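In what follows, a single structure is set out as structure tokens and then discussed.
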Amino acid sequence: MRLSEYFLSTLKEIPKDADTVSHQLMIRAGMIRKLASGIYEFLPFGLRALRKVENIIRDEMDKAGGQELYLPALLPKDLWDKSGRWALYGPELMRVKDRNGREFCLGPTHEEIITDLVKREIRSYRDLPKLLYQFQVKFRDEIRPRFGVMRAREFLMKDAYSFDVSQESAEETYRKVFDCYNRIFKRCGLRFRAVEADTGAIGGSFSHEFMVVADTGEEGIITCGCGYAANVEKAELGRESSEKKAPGQEKPLEEVETPGMKTVSEVGKFLGEPENKFIKSLVYGYGKGELIVVLVRGDYEVNEAKLRKYLGVNEVFLADEKRIEKLTGAPTGFAGPVGIKNADILADYSVEGIVNGISGANKKDYHVRNINIGRDYKAKAVLDLRKPVEGDICVKCAKKLAFSRGIEVGHTFKLGTKYSEALQADFLDRQGDKKPFVMGCYGIGVSRIVAAAIEQGSDEKGIIWPMSIAPFQVTVVPLKYDEPGIKKVSEEIYNDLLKSGYDVIIDDRDERPGVKFNDADLTGIPVRITVGDRSLKEKKVELTLRKGLKTEKVPVDEALSAVKSIIEKQI
RNA sequence: CGGGGUGUGGCGCAGUUGGUCUAGCGCGCCUGCUUUGGGAGCAGGAGGUCGCCGGUUCAAAUCCGGCCACCCCGACCA
């Protein structure tokens with residue numbers, strides 16, 4: 001490609017509404033432009049990176065036995081009714097009507113569609129297992145699109161679905177895809193790790209997320225030396241045994257006036273008690289208006305994902321003032337477990353060890369001291385309901401957990417028979433019995449990988465691409481292109497590289513050297529060959545690696561082989 | 001959706017106590033000359049219904065009302 005003809009314009013200044021490195025650089029390097037909130041145009045330079053990622057994924061999926069197909073983006077409502085997700089999905093689902101008023105949605109994911117397709121096509125256990133995948137644009141009307149292409153409302157995803165005869169066989173398929181994913185992200189040059197994750201709205205029994213390690217990541221992850229790694233949403237926490245109750249320590253309940261003090265820290269200061277003496281009581285709503293009281297230790301926070309999972313619902317929310325007042329008889333801030341009627345109480349492990357704890361009195365401007373579980377209130381269940389904090393220990397090995405951040409680029413789920421049962425997708429087994437498919441589903445955010453790669457690879461000058469997904473592998477930079485000697489040598493090298501099948505671009509613009517160097521650095525092309533009269537006098541050109549910006553001189557006729565060996569080594 | 005903020009040539013911004021604003025600056029863009037190893041210099045030039053609608057006024061980018069768009073902070077997700 002000739003840069004003089006290429007549809008690329010780079011920006012010197014940082015766009016004001018881009019606040020992450022990858023977003024800024026993708027715009028500055030001319031990869032993407034914004035059309036509307038969360039909706040982006042991919043320009044040729046950006047698309048090249050996207051396609052490279054896509055090709056790596058396709059290659060590995062095929063090697064893992066996958067078969068590519070292509071499903072529609074516009075999906076009829078009835079299939080979504082059958083799975084129940086038309087009602088469940090909420091406003092994130094983009095809904096549209098056709099001219100006859102029939103309802104459709106723009107697919108946010110494709111479990112229903114593929115399950116229905118496989119149901120119509122496959123009838124026998126002999127045709128199983130199957131692993132099907134596609135690259136498709138997905139639509140999710142995100143509450144808050146963010147970070148450019150990282151959280152967009154329309155984005156490119158590779159989604160795969162597996163169909164197996166049994167749980168065991170599905171397990172094996174899951175393992176296969178899991179390994180495949182590891183190879184994909186490795187080939188994309190990413191530093192990542194797989195963590196245990198919450199299953200969320202997709203459903204199913206078990207899942208892993210593939211996290212690209214980055215401080216700007218939206219996800220919190222915990223890791224342990226023993227190998228345990230999980231999304232903070234999912235991270236299991238054990239039962240604490242530190243504070244054992246001793247008989248006779250329990251003191252009688254005592255109401256104390258705490259005028260206007262609502263938060264744990266306010267009341268704690270006022271009473272001179274540490275926050276871990278408090279039983280934080282939160283009223284949550286779920287389902288059709290049911291309420292539940294959730295207790296955690298004062299210095300901890302409720303993990304709503306765990307609460308949702310326990311309740312078996314898709315949504316929980318903190319109850320509003322009115323409902324709290326109705327339940328507790330007091331305004332928000334004074335709720336407590338003692339004397340609650342008409343709602344169940346769930347206690348996190350962290351509150352069962354609290355002796356003579358403090359909580360709201362369910363009465364305006366009052367708290368209660370010396371609350372003890374069992375004696376003063378009964379919990380319907382005591383379980384793991386909180387978020388991990390610094391200092392927590394691993395459930396598997398009791399060592400201290402480490403916290404880090406990550407960008408979720410892939411997610412694998414064991415779905416079981418959730419969708420096949422809902423859509424009555426059955427096959428006949430060897431005995432002639434009808435059985436629902438045992439399914440798995442596996443997503444990769446293709447456009448997000450591109451952003452994540454930049455998030456992990458850049459410096460103050462611009463992007464530093466991994467060789468495998470760089471839009472171009474080499475750029476040939478002639479300084480003074482119109483000088484015949486320089487033109488001849490740079491064109492020769494350019495054409496040799498082209499003929500050898502490399503992705504190469506030549507900066508044949510009439511620009512000053514500084515402009516060309518800065519653009520080369522900004523766009524992050526891994527190898528740069530500079531052709532200028534200085535080194536040409538010695539019959540040499542300069543070879544610079546974008547990473548580290550180290551330059552060496554190589555003889556003109558060795559340039560091709562030098563570039564070849566660099567690329568082959570890195571791909 | 002709740003809270004905070006911003007809308008002025010392609011990009012980044014100034015101007016906003018109403019009147020030298022006939023809207024300005026830097027970058028970018030076009031033409032010419034000079035220049036050419038890390039974002040050149042000079043000269044000339046193109047490009048804006050000041051987000052939209054309405055109001056107040058002799059006079060509105062500037063004041064008032066409504067709407068829209070976009071961004072940031074929280075819950076949702078590849």
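Treat the numbers as computed from the prediction; the structure is a model and nothing was measured. Below, chain A is the first sequence line, B the second, and so on; all start at residue 1.
Rounded to whole angstrom, the span from the CD1 atom of A:I14 across to the P atom of B:C11 amounts to 16 Å. Atom OH of A:Y40 is separated from atom P of B:A78 by 19 Å (rounded to the nearest Å). Atom NZ of A:K12 and atom C1' of B:G10 are 15 Å apart (whole Å). As a whole-Å value, the separation of A:K16 NZ from B:C27 C1' is 16 Å. In this structure, A:M157 atom CE and B:C77 atom P are separated by 13 Å, rounded to whole Å. Rounded to a whole Å, the CG atom of A:D19 is 11 Å from the C1' atom of B:C73. Per the geometry, CZ belonging to A:R153 stands 17 Å off C1' belonging to B:A78, to the nearest Å. Atom CZ of A:F210 and atom P of B:A78 are 13 Å apart (whole Å).
With hydrogens and angles left out, the side-chain atoms of A:Q134 and A:D159 include a donor and acceptor closer than 3.5 Å. A:Y181 and A:D179 share no donor-acceptor pair across their side chains, judged by distance under 3.5 Å alone. A donor atom on one side chain and an acceptor atom on the other are found under 3.5 Å apart for A:E491 and A:Y481. With no hydrogens or angles considered, no side-chain donor-acceptor pair links A:Q24 and A:S22 at under 3.5 Å.
One finds no side-chain N or O of A:R144 lying less than 4.0 angstrom from the OP1 or OP2 phosphate oxygen of B:C1. The side chain of A:S37 contributes no N or O atom lying less than 4.0 Å from OP1 or OP2 of B:A69.
Between the side chain of A:R151 and the base of B:C77 there is at least one donor-acceptor pair of N/O atoms closer than 3.5 Å. Residue A:E233 places no side-chain atom within donor-acceptor reach of the base of B:C76, judged by atom type and a 3.5 Å distance cut-off alone.
Nucleic acid contact for A:M211: none, since no nucleic acid atom lies under 4.0 Å from a heavy atom of the residue. Counting non-hydrogen atoms under 4.0 angstrom, A:N518 reaches a base of the nucleic acid. Counting any heavy atom pair closer than 4.0 Å across all strands shown, A:E209 reaches no nucleic acid atom. No engagement by A:Q136 is indicated, since no non-hydrogen atom pair under 4.0 Å with the nucleic acid exists. Across all strands, A:A152 comes closer than 4.0 Å to base atoms (heavy-atom distances). In this structure, A:K138 reaches neither bases nor backbone, as no heavy-atom distance under 4.0 Å exists between it and the strands shown. In this structure, A:R308 reaches the sugar-phosphate backbone alone: every heavy-atom distance under 4.0 Å involves primed, P, OP1 or OP2 atoms, never a base.
B:U36 and B:G41 have their C1' atoms separated by 12 Å, with the value rounded to a whole Å. Taking atom P in both B:C30 and B:G66, the straight-line distance is 45 Å, to the nearest Å. Between the P atoms of B:C72 and B:U35, the separation comes to 47 Å (whole Å). B:G55 and B:G47 are spaced 31 Å apart, taking the P atom of each and rounding to whole Å. On the P atoms, B:C53 is 39 Å away from B:A75, given to the nearest whole Å. Going from the C1' atom of B:U16 to that of B:C21 covers 12 Å, rounded to whole Å. To the nearest whole angstrom, the two P atoms, one in B:U6 and one in B:A14, are 10 Å apart. One C1' atom belongs to B:G48, the other to B:G24, and the distance between them is 12 Å to the nearest Å.
Taking all atoms of both residues into account, the shortest heavy-atom contact from A:R528 to A:A520 is CD-CB, 4.0 Å.
A:R386 places no side-chain N or O within donor-acceptor distance of the main-chain N or O of A:V302, the cut-off being under 3.5 Å. Without hydrogens or angle criteria, A:R405 side chain to A:I221 main chain gives no donor-acceptor distance under 3.5 Å.
Of the candidates B:C70, B:G74, B:A78, B:C70 carries the atom nearest the A:A36 side chain, counting heavy atoms from C-beta on. Comparing B:G26, B:A75, B:C70 by their nearest atom to the side chain of A:E13 picks out B:G26. With B:C70, B:A75, B:G39 as the choices, the nucleotide that has an atom nearest any side-chain atom of A:E304 turns out to be B:A75. Listed nucleotides: B:C1, B:C72, B:C70. Nearest to the side chain of A:I143: B:C1. Nearest to the side chain of A:E142, among B:G38, B:A40, B:C77, sits B:C77. Among the nucleotides B:U6, B:A40, B:C76, the one closest to the side chain of A:V515 is B:A40.
Between A:P145 and A:K516, the one whose closest nucleotide on RNA chain B sits nearer the 5' end is A:K516. Comparing A:A305 and A:G38 by the nucleotide of RNA chain B that holds the closest heavy atom to each, the one mapping nearer the 5' end is A:G38.
Note: A:F178 and A:H208 meet the aromatic proximity criterion, with ring centroids under 6.0 Å apart.
A 4.5 Å side-chain heavy-atom check between A:M94 and A:C105 finds every atom pair outside the cut-off.
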Study note, to complete from the structure: Per-nt protein contacts along nucleotides 30-37 of chain B (heavy atom under 4.0 Å; B base, S backbone sugar-phosphate only, - none) come out as -----BBB
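For the salt bridge (charged side-chain N to carboxylate O under 4.0 Å, His left out) criterion with A:E60, the lone passing option out of A:K158, A:K176, A:K186, A:R183 is A:R183. Applying the salt bridge (charged side-chain N to carboxylate O under 4.0 Å, His left out) test between A:K553 and each of A:E538, A:E542, A:E558 identifies A:E538 as the sole match.
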Exercise for review: Treat a base pair as Watson-Crick or G-U wobble with both distances under 3.5 Å, then lay out RNA chain B in dot-bracket form, 5' to 3', with | for cross-strand pairs.
Suggested key: ((((((((.[[[[.)...(....]]]].((((((.....)))))).....[[[[[..)....]]]]])))))))....
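In this structure, A:K550 places its NZ atom where only 12 or fewer heavy-atom neighbours from other residues, nucleotides or ligands lie under 6.0 Å away. In this structure, A:K77 places its NZ atom where more than 12 heavy-atom neighbours from other residues, nucleotides or ligands lie under 6.0 Å away.
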